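Inspection log for the structure reproduced underneath, given as structure tokens.
Since the model is a prediction, treat every value here as computed from it, not as a measurement.
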Amino acid sequence: MILDWLKIHKTEVLLFLLAFGLRFLYAVFVQLKFGSQGFLAYSDAFSFYLPLAKNLVENHIFSMSSAPPYVPDAYRTPLYPLFLASFLWFKLPIFSIVFTQNILAGAMAVLIYKIGLTIFGSQKIGLGAAILASIEPMSVYWNNLLMSDYLFAFLFILSFYHFALKRYYLFALFFALATLTRSIGIYILPLFLIAMLWKGAGWKKIILTIIIFFAALFPWM
């Protein structure tokens, strides 16, 4: 049964392994040569993400403060620090965070392939875009840093996949999660709403999409 599934989804499996494998090999190289510090090469990991995640685990508050009183921080989006906090809570090594980000990269390559099939109806376009996203050097580099970029990219691509399939309510939910990772999503939303109007989605669906999006954002906003 598993072999039958692998035969049917051979292309998706190979794309996943390509994107994941390249990043995993690079992560092993970084771990062996530089240790865990190699994944913290960008200052935002020290300045923002790890302090927020640490305070979530140890002090149960979303705060940048290094000592009491812990002042809540509403300026920064919460999803990536929560993502990191889940690993810190289980006392897992930093390599496990990067490993998970590599899995997301593999899944993103598959989604890009499927988006190409959905929008253009062309396996060549979907395959070409997915391979390019998988092997692009800066993508491999950034994926192995403790930065919110790749979690945002994965959630953005996932939401775009549902948008391409006209699953607008799922799109709104996942795009809200992407926005809770990087706030730039708020500025991109109007483009999707215009596209929905152009596709003839109807005002009811557009309004419900907006409501779902901002309902998910409301606790942070």
Quiz item: Atom CG in Leu177, atom OG1 in Thr77: separation rounded to 0.5 Å?
Solution: 11.5 Å
Could you pull out every donor-acceptor pair under 3.5 Å between side chains of residues 124-138 and any protein atom, sequence neighbours left out?
residue	atom	partner	partner atom	Å
Ser134	OG	Ala130	O	2.7
Glu136	OE1	Ser139	N	2.8
Glu136	OE2	Met138	N	3.1

Self-check item: Pair Arg182-Tyr80, side-chain contact (heavy atoms from CB on, under 4.5 Å): steps then yes or no
Solution: CA-CA 9 Å; Arg182 292 185 71 88; Tyr80 193 68; over 6 Å; no
Self-check item: Value rounded to 0.5 Å, distance of CG in Asn102 from OH in Tyr150
Solution: 9.0 Å
Quiz prompt | Distance, nearest 0.5 Å, that separates CG of Leu14 from OH of Tyr113 | solution = 10.5 Å
Quiz item: Do the two ring centres, one from Tyr168 and one from Phe175, sit under 6.0 Å apart?
Solution: no
Self-check item: Side chain proximity check, Glu58 to Trp89, heavy atoms < 4.5 angstrom
Solution: no
Practice problem: Could you check whether the rings of Phe174 and His162 sit parallel, tilted or perpendicular, using 30° and 60° as the cut-offs? | Solution: parallel
Which side-chain N or O atoms in residues 202-221 pair as donor and acceptor under 3.5 Å with protein atoms at least two apart or in another chain?
residue	atom	partner	partner atom	Å
Thr209	OG1	Lys205	O	2.7
Trp220	NE1	Ala74	O	3.1
Trp220	NE1	Arg76	O	3.3

Quiz item: Which value, rounded to the nearest 0.5 Å, describes the distance between Leu146 atom CG and Phe83 atom CZ?
Solution: 8.5 Å
Exercise. Spell out, as yes or no, whether a donor-acceptor pair under 3.5 Å connects the side chain of Tyr49 to the backbone of Met147.
Key: no
Between side-chain atoms of residues 25-40 and protein atoms elsewhere (two or more places apart, or another chain), which donor-acceptor pairs fall under 3.5 Å?
none

Quiz item: Are Ser63 and Leu52 side-chain neighbours, meaning at least one heavy-atom pair lies under 4.5 Å?
Solution: no
Quiz item: Mind checking whether Leu170 and Leu189 sit in one hydrophobic cluster, side chains of I, L, V, M, F, W, Y counted as touching below 4.5 Å?
Solution: yes
Self-check item: Test side-chain contact (heavy atoms from CB on, under 4.5 Å) applied to Lys114 and Glu12, step by step
Solution: CA-CA 9 Å; Lys114 287 184 173 293; Glu12 289 90 336; 3.5 Å; yes
Quiz prompt | Exam field: side chain Arg23 to backbone Ala19, donor-acceptor pair closer than 3.5 Å | solution = yes
Quiz prompt | Close side-chain approach of Leu56 to Ile61, heavy-atom, < 4.5 Å | solution = no
Self-check item: Validation row: Lys166, Phe171 side chains within 4.5 angstrom (heavy atoms)
Solution: no
Practice problem: Say whether Leu155 and Tyr161 are linked into one hydrophobic cluster, either directly or through other cluster members, by side-chain heavy-atom distances under 4.5 angstrom. | Solution: yes
Self-check item: From CZ (Phe192) to CE (Met196), nearest 0.5 Å
Solution: 11.0 Å
Quiz item: If you round to the nearest 0.5 Å, how far is CG of Leu88 from CG of Leu50?
Solution: 6.5 Å
Self-check item: Crowding at NZ, Lys199 (>12 non-hydrogen neighbours, <6.0 Å)
Solution: yes
Practice problem: With Ser96 as reference, evaluate Ile94, Leu92, Val98 under the side-chain contact (heavy atoms from CB on, under 4.5 Å) test and give the passing residue. | Solution: Leu92
Quiz item: Do the side chains of Phe120 and Leu117 join up, straight or via other hydrophobic residues, at under 4.5 Å, putting them in one cluster?
Solution: no
Quiz item: If every non-hydrogen atom of Phe156 is compared with every non-hydrogen atom of Ser159, which pair is closest and at what distance?
Solution: O-OG, 2.7 Å
Quiz item: Does some side-chain heavy atom of Ile184 sit less than 4.5 Å from a side-chain heavy atom of Phe152?
Solution: yes
Exercise. Check Leu104, Asn143, Thr181, Ile103 against Phe154 for a side-chain contact (heavy atoms from CB on, under 4.5 Å) and give me the one that passes.
Key: Leu104
Quiz item: Val13 and Leu18: same hydrophobic cluster, using ILVMFWY side-chain contacts below 4.5 Å?
Solution: no
Exercise. Would you check if the side chain of Asn55 reaches a backbone N or O of Phe62 as a donor-acceptor pair within less than 3.5 Å?
Key: no
Self-check item: Shared hydrophobic cluster, Phe160 / Ile194 (ILVMFWY, side-chain heavy atoms < 4.5 Å)
Solution: no
